[in-house]
Participant: 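To start, I am sharing the structure in question, which I have written as structure tokens.
Letters A, B, ... mirror the listed sequences (proteins, then strands); counts begin at 1. Quick caveat, the model's predicted, so the values are computed rather than measured.
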2 protein chains.
Amino acid sequence: MQDLLVGFISRYVSLTEDEKKAIVSLDIFRSVKKGTTLLKEGQHSKDLYFVIKGCIRTYYIIDGEEKTTAFYTEMDALTPHCAISNAPSDYFISAVEDSIISVGEMEVNIFEKFPKFETLCRILSEELLAKQQINFDEFKTSSPEQRYLNLLQKRPDLVQRVPQHQLASFLGIKPQSLSRLRARILEKSKR
Amino acid sequence: MQDLLVGFISRYVSLTEDEKKAIVSLDIFRSVKKGTTLLKEGQHSKDLYFVIKGCIRTYYIIDGEEKTTAFYTEMDALTPHCAISNAPSDYFISAVEDSIISVGEMEVNIFEKFPKFETLCRILSEELLAKQQINFDEFKTSSPEQRYLNLLQKRPDLVQRVPQHQLASFLGIKPQSLSRLRARILEKSKR
DNA sequence: TAAATTCGTTCACTTAAGTTAAGAAATGAA
DNA sequence: TTCATTTCTTAACTTAAGTGAACGAATTTA
């Protein structure tokens, strides 16, 4: 299981045997049940998450309503804002399915101890920023229906494994609108 | 003018006099007229931009229509995807106003020559990623009207200095809808 | 297993954005 | 300065999302 994490990191920076051992010893592997909350709004935490198996999500609670903004599945890394900004978190993180995750700690002087880790973080942030930018641009420039069809192409698994009402807020609409939109698409494809 | 760039960088990493000189000598300051295109779709470029004065924007052309996705004003840094991914750009960058920008080059071994530059890039990417994430989340969880009111709070200058049709696509709507929405808000505030 | 809650869908109705078109105002170029 | 183009607004109509409610299905929990 540790190999997956080491393998993931090795795609970005080459690691010595010692470094591999250090990572494995630093990281804790946690098995979490569906619905478990890993981080709550208002909490401080320096934890970084890497999904080995399963699915976790981030969501806000606005006017008592859950607004899911992101899903993280196998081989996805999640760095909560509060881990780098040391402000309290303004969102929640919880498990969509039974999952196995690796939880790392954001230590104060980690970059001095492991300069390679800074390179890894730079590359990951840059890559993520680029992806995020593209996602945002696509979101802005398309309608809810297009966004749903786009999701079907890019992350077909999500549509299957995630509850519809969570998907809806991820797409920026209400659950009823997602239902209707799907019925509309089905209707079109019949004709 | 160089001081602004050095000052900006100094907020993130401390610089020696030699490093300051190196930055100033590496960077080119360009004065660009309103409407000038700095980067076109399909082009390859390793240029990084830092806005000293004025405003530049990124936009896609989709079905012959311009879709503005971001604005960069004083003290904003813009790292185009193509500069880090070495794929051709899929968007345009152009000046909204007459602007003065600093154009840096993304060199191959820059991080080996200047380890501090890697720290700078990591911090900037992390910070930007966090901001971007929050922006995206806010966008998803609010209506066009809320987004416009939000923009009025957060970047009131943009609403003044940027053409309405560019603002509209930035808000994810059509120019006509923005006009109507503004009229609606005005109507509400009267009553 | 039974009751209670949550979830997904459908419906009717309301609200707001997209679309097409037209005209006025501002801007830029000859 | 004048003409042409672009930009902004308004309007009428169309389309789709929000809202509130209802109901069956699925899932939890007692």
Participant: For chain A and DNA chain D, what are the first and last nucleotides along the strand, 5' to 3', with at least one atom under 4.0 angstrom from a heavy atom of the protein chain?
Facilitator: dA16(D) to dT28(D)
Participant: What one-letter contact string describes nucleotides 18-27 of chain C from 5' to 3', where B marks a base within less than 4.0 Å of any protein heavy atom, S marks contact via sugar-phosphate atoms alone, and - marks no contact?
Facilitator: BSB-------
Participant: Quickly work out the Leu186(A) CG to dT9(C) P distance and round it to whole Å.
Facilitator: 11 Å
Participant: Do the rings of Phe8(B) and Phe50(B) sit parallel, tilted or perpendicular, given the 30° and 60° boundaries?
Facilitator: tilted
Participant: Is there a donor-acceptor pair closer than 3.5 Å between any side-chain N or O of Glu74(A) and the backbone N or O of Gly54(A)?
Facilitator: yes
Participant: Do Thr36(A) and Asp98(A) come within less than 4.5 Å of each other through their side chains, counting heavy atoms only?
Facilitator: no
Participant: Can you confirm whether Tyr60(B) sits close enough to Thr68(B) that some side-chain heavy atom of one is under 4.5 Å from a side-chain heavy atom of the other?
Facilitator: no
Participant: On the nucleotide dG8(C), are OP1 or OP2 found under 4.0 Å from the side-chain N or O atoms that His165(A) carries?
Facilitator: yes
Participant: Please determine which of Gln146(B), Lys154(B), Gln133(B) meets the side chain to side chain donor-acceptor pair (under 3.5 Å) test together with Glu138(B).
Facilitator: Lys154(B)
Participant: Measure from CG on Leu178(A) to C1' on dG8(C) and round the result to the nearest Å.
Facilitator: 10 Å
Participant: Quickly work out the Arg184(A) CZ to dG8(C) C1' distance and round it to whole Å.
Facilitator: 17 Å
Participant: Is the Phe139(B)-Phe136(A) ring centre distance short of 6.0 angstrom?
Facilitator: yes
Participant: Linking I/L/V/M/F/W/Y whenever their side-chain heavy atoms sit closer than 4.5 Å, directly or via other members, would Ile62(B) and Phe92(B) fall into one cluster?
Facilitator: no
Participant: Please check if the distance between the ring centroids of Tyr49(A) and Tyr72(A) is under 6.0 Å.
Facilitator: no
